[in-house]
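Every chain is numbered from 1 and lettered A, B, ... according to where its sequence line falls, protein lines coming before strand lines.
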Amino acid sequence: MTKDNSTKIVFFGTPKFAVPTLQALVTEGYHVVLVITQPDEPVGRKQVLTPTPIKVEALKLNVPVKENLWEIKNYNADLGVVVAYGKIIPQAILDLFPLGLLNIHPSLLPKYRGPSPIQSAILNGDDETGVSIIKLDEQMDHGPIISQIQVPISKDESSPTLFDKLSVLGAELMIKALPDYVAGKAKLEPQDDSKATYCEMINKEDGLIDWTNSADQIERQIRAYAPWPGSFSEFDVNHKKINIKIISAIICDPVETRNCASLPHDNQSPVGKFVIKNNQLVVQCGHGALLIEKLQPEGKKEMPAQAFINGYLK
RNA sequence: CGCGGGGUAGAGCAGUUGGCAGCUCGGCAGGCCCAUAACCUGCAGGUCGCGGGUUCGAGUCCCGCCCCCGCAA
């Protein structure tokens, strides 16, 4: 492997997704002179001030960590590597890097520019997604593509597993792409802007299930929005309304196998209500129905549907 | 001190004004049946989160602690 240890790299990243890339860079012997990450934030129920995963990793690797972008001036860096940093980096900062900045984006750009590409790919039922490495330019997720790799999306893929996969693949792809790029031999393929699509920041309300949608669509939503914001709905249980998060479900379609093949999917049950059929928990949707596997009532831990039936619906 | 719900059998829940700790499912044994995830009979399984206190008596009331979860990113 051709490495140029004289290239000084500044790494920008914040969440867990960025960690494998930082690790790989250091392990492969690249000279990471500085890590820029977001400030510690209060986290969790107890609002404990917590450093970002990247900060924790950087300290472990003995790389200096700063939150102030202007610190970069003191490091004479050549190249920037940006992985889920979480903020727009101002042009004046970009100009400090002679070799520019590379960015890992977890989609097949120009598809799914924006902040939620992984969730969007699952939500839309895509067969595949991927990871792209681009050179940052002045527009969001717009720069020329240096490298790209496809990844199939299985029928039961959920956001957490896909995050993990793409996180690791992104790191590998970066390590493969860097030598040529640093040597000035990389091909820069401009994106076809006419094919660009965009995804939005996800909000809590996006997790609210609209049971008039098709079972198909709701099932994809459940996988896409795990673990946050989750997919939830209000149900009538023993004359009380409780908010319940659906953790996983199977589409009740006679074509599908599994044990729901014999279930009556009569399209007559009330939409969005629990129905017990053959001792299984089913919710009728606008089209088709969902067999609930795991769920979580508010204030409770997640539990199998069977346990929910035994404890709540008897 | 951000707001709130909770910890009772392997799982999920009940437990009234303090008075023999219960229900559904699961497990085990037996029965019925062509057969079964159905049905019948029986059995096992509990330091009621931890530590104090009040009381003749605490799952239940009081104080302290630990843990889990929903909202709040």
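A donor-acceptor contact closer than 3.5 angstrom is absent between the side chains of H287(A) and N213(A). R113(A) and Q139(A) share no donor-acceptor pair across their side chains, judged by distance under 3.5 Å alone. At a cut-off of 3.5 Å, with distance as the only test, no side-chain donor of Q119(A) or S159(A) sits close to an acceptor on the other residue. A donor-acceptor contact closer than 3.5 angstrom is absent between the side chains of D141(A) and Y112(A). Looking only at atom types and distance, the side chain of E57(A) has a donor-acceptor partner in the side chain of Q23(A) under 3.5 Å away.
No side-chain donor-acceptor contact under 3.5 Å links R223(A) to the backbone of I218(A). Side chain of S107(A) to backbone of P117(A): no donor-acceptor contact under 3.5 angstrom is found.
Each of K301(A) and N279(A) lies near RNA chain B, and the nucleotide nearest N279(A) is the one positioned closer to the 5' end.
Taking the charged nitrogens against the carboxylate oxygens, R220(A) and D216(A) do have a contact shorter than 4.0 Å, which makes a salt bridge. Look at K245(A) and E302(A) and you find no salt bridge, because none of the NZ, NE, NH1 or NH2 atoms lies under 4.0 Å from a carboxylate O.
No engagement by Q306(A) is indicated, since no non-hydrogen atom pair under 4.0 Å with the nucleic acid exists.
The phosphate of C13(B) (OP1 or OP2) has a side-chain N or O of Y312(A) nearer than 4.0 angstrom.
Summarising the geometry, the separation between NZ on K241(A) and C1' on G70(B) is reported as 18 Å, rounded to the nearest angstrom. Atoms CD (E302(A)) and P (G70(B)) sit 9 Å apart, rounded to a whole Å. In this structure, NZ of K294(A) is placed 14 Å from P of G12(B), rounded to the nearest angstrom. Note: CD1 (I242(A)) to C1' (G12(B)) measures 12 Å, nearest angstrom. We find that CZ of F235(A) is positioned 17 Å from P of G70(B), with the value rounded to whole Å. Distance I247(A) CD1 to C69(B) P: 12 Å, rounded to the nearest Å. Distance CG (L295(A)) to P (C13(B)): 10 Å, rounded to an integer number of Å. Rounded to a whole Å, the NZ atom of K277(A) is 24 Å from the P atom of A37(B).
Using atom C1' as the reference point in both U41(B) and C33(B), the two lie 16 Å apart (nearest Å). C48(B) and G59(B) are spaced 5 Å apart, taking the C1' atom of each and rounding to whole Å. As rounded to the nearest Å, C20(B) and U54(B) have C1' atoms that lie 23 Å from one another. A distance of about 24 Å separates the C1' atoms of G5(B) and G46(B), rounded to the whole Å. Atom name P, nucleotides U60(B) and C3(B): the rounded distance is 26 Å, in whole Å. Atom C1' of C40(B) sits at a distance of 26 Å from the matching atom of A21(B), rounded to the whole Å. Across G12(B) and C69(B), the matching C1' atoms stand 15 Å from one another, rounded to whole Å. Taking atom P on both nucleotides, U17(B) is separated from G6(B) by 16 Å, rounded to a whole Å.
Listed here is the closest heavy atom pair of N203(A) and D206(A): N-OD2, 2.6 Å.
Listed candidates were C13(B), A11(B), A72(B). Nearest to the side chain of K204(A) is A72(B). Closest approach to the M303(A) side chain among G12(B), G70(B), A72(B) is made by G12(B) (side chain taken as heavy atoms from C-beta onward).
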Sort me out a list of protein N/O and nucleotides 5-10 of chain B N/O pairs below 3.5 Å, or just none if empty.
from: G5(B); atom 1: N2; to: G299(A); atom 2: O; distance (Å): 3.3

Set out, line by line, the N/O atom pairs under 3.5 Å between protein and nucleotides 42-46 of chain B.
none

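Here T52(A) pairs with T37(A) under the side chain to side chain donor-acceptor pair (under 3.5 Å) rule; sequence neighbours left out.
Applying the Watson-Crick and G-U wobble criteria (two distances, each under 3.5 Å), C71(B) pairs with G2(B). Within the shown strands, U41(B) is the pairing partner of A29(B) under the Watson-Crick or G-U definition, both distances less than 3.5 Å.
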